[in-house]
Amino acid sequence: MARTSSIERVTKETRIRLTIDLDGSGQGKICTSVPFLDHMLDLFARHGLFDLEVEASGDIDIDFHHTVEDIGIVLGQAFREALGDKKGIRRYGQATVPMDETLASVATDLSGRPYLVYHVNLPKVKIGEFDVELAKEFFQALVNTLGANLHINVMYGENVHHVLEACFKATARALDMATQLDPRIEGVMSTKGKL
């Protein structure tokens, strides 16, 4: 059974086409018109071993907010669709990733209950033209539409690029673990019988 999804979302602010294969090999084909986000999504695909294609355009002449948030929305929808009824998945995942002087830890639960804990203390700065607070908007949109509980904690770090890169890599690795099929699991990993 292929665990894939292709979604197109068009609003007055953005147009996004996204395809994901949860059982891929980490191939990314990313073009969002937001260079730093392209970099983050490319390494997200690689470290999660997801095959991910994203093509997006939006009102970036205003700012990157709508494009970044809407890509998070569509990525969450694609994960949810590719997971189907969630039978046989591990449900929980965690990863701790160092990036030079930075250490980020992420834990996730694909429970169907969205909640983001984001302990990432960053100054209000830009990386290139990317406002770093948009990373939180991306993760919030992702968890809201995926229905995931996601805890992102940065224990320490100085370089803002390293901090966000560690967050994206750790999130990808935690989601890879949570979405993996385990042949020992019958139905869903819940005593309720439903996720």
Step by step, work out the ring pair (Phe, Tyr, Trp, His ring centres under 6.0 Å) result for Phe168 and Phe138.
-> CA-CA 10 Å; Phe168 273 84; Phe138 171 84; 5.4 Å; yes

Stepwise side-chain contact (heavy atoms from CB on, under 4.5 Å) check, Val97 with Arg173 = CA-CA 9 Å; Val97 171; Arg173 289 175 172 267; 4.0 Å; yes

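With rounding to the nearest 0.5 Å, the separation of CD1 in Ile89 from CG in Leu181 is 8.0 Å. We find the CD-NE2 distance between Glu101 and His162 to be 5.5 Å, quoted to the nearest 0.5 Å. Here the straight-line distance linking atom CD of Glu165 with atom NE2 of His47 works out to 7.0 Å at 0.5 Å rounding. Summarising the geometry, atom CZ belonging to Phe130 is positioned 8.5 Å from atom CZ belonging to Phe64; distances are rounded to the nearest 0.5 Å. Here the straight-line distance linking atom CZ of Phe139 with atom NE2 of His151 works out to 14.0 Å at 0.5 Å rounding. To the nearest 0.5 Å, atoms CG (Leu52) and CG (Asp42) are separated by 9.0 Å.
In this structure the side chain of Ile20 never reaches within 4.5 angstrom of the side chain of Asp51, judged on heavy atoms. In this structure, the side chains of Phe50 and Asp21 stay at 4.5 Å or more apart for every pair of heavy atoms. Contact annotation: the side chain of His161 approaches that of Phe36 to within less than 4.5 Å [non-hydrogen atoms, C-beta and beyond].
Under the 3.5 Å distance criterion, the side-chain polar atoms of Thr108 are matched with a main-chain donor or acceptor of Asn149. Looking at Thr145, its side chain does come within 3.5 Å of a backbone N or O of Ala141 through a donor-acceptor pair. The main-chain N or O of Arg17 is never found under 3.5 Å from a side-chain atom of Glu55 such that the two would form a donor-acceptor pair. Remark: side-chain polar atoms of Asp70 are not paired, donor with acceptor, to backbone N or O of Thr14 under 3.5 angstrom. At least one donor-acceptor pair under 3.5 Å links the side chain of Arg3 to the backbone N or O of Thr179. In this structure, the side chain of Arg91 engages the main chain of Met189 through a donor-acceptor pair within 3.5 Å. Proximity of a side-chain donor or acceptor of Asp59 to a complementary backbone N or O of Asp61 within less than 3.5 Å is not detected. Checking side-chain atoms of Asp85 against main-chain N and O of Lys87 turns up a donor-acceptor pair under 3.5 Å.
One hydrophobic cluster, built from ILVMFWY side chains closer than 4.5 Å, holds both Ile30 and Leu75. Side-chain heavy atoms closer than 4.5 Å link hydrophobic residues (I, L, V, M, F, W, Y) into clusters, and following such links, even through other members, never connects Val143 to Leu195. In the hydrophobic clustering of this structure, Leu41 groups with Val120; members are Ile, Leu, Val, Met, Phe, Trp, Tyr whose side-chain heavy atoms approach within less than 4.5 Å, directly or through other members. Linking Ile, Leu, Val, Met, Phe, Trp and Tyr residues whenever their side-chain heavy atoms come within less than 4.5 Å places Ile60 and Leu37 in a single cluster.
Results of the side chain to side chain contact (heavy atoms under 4.5 Å, CB included) test with Ile71 over Val68, Thr67, Ile73 single out Thr67 as the only residue that passes.
For the residue pair Arg90 and Ile185, the shortest heavy atom distance occurs at CA-CD1, 3.9 Å. Nearest heavy-atom pair across Ile152 and Cys167 is CG2-SG, 3.7 Å. The minimum heavy-atom distance linking Ala95 with Ala170 is given by the pair CB-O, 3.6 Å. Nearest heavy-atom pair, Met155 versus Thr96, reported as atom, atom and distance to 0.1 Å: CE-CG2, 4.4 Å.
No side-chain donor from either of Thr19 and Glu53 sits under 3.5 Å from a side-chain acceptor of the other. Donor-acceptor pairing under 3.5 Å is recorded for the side chains of Asp38 and Thr32.
Arg15 has a carboxylate O that lies under 4.0 Å from a charged side-chain N of Glu8, or vice versa, which qualifies the two as a salt bridge.
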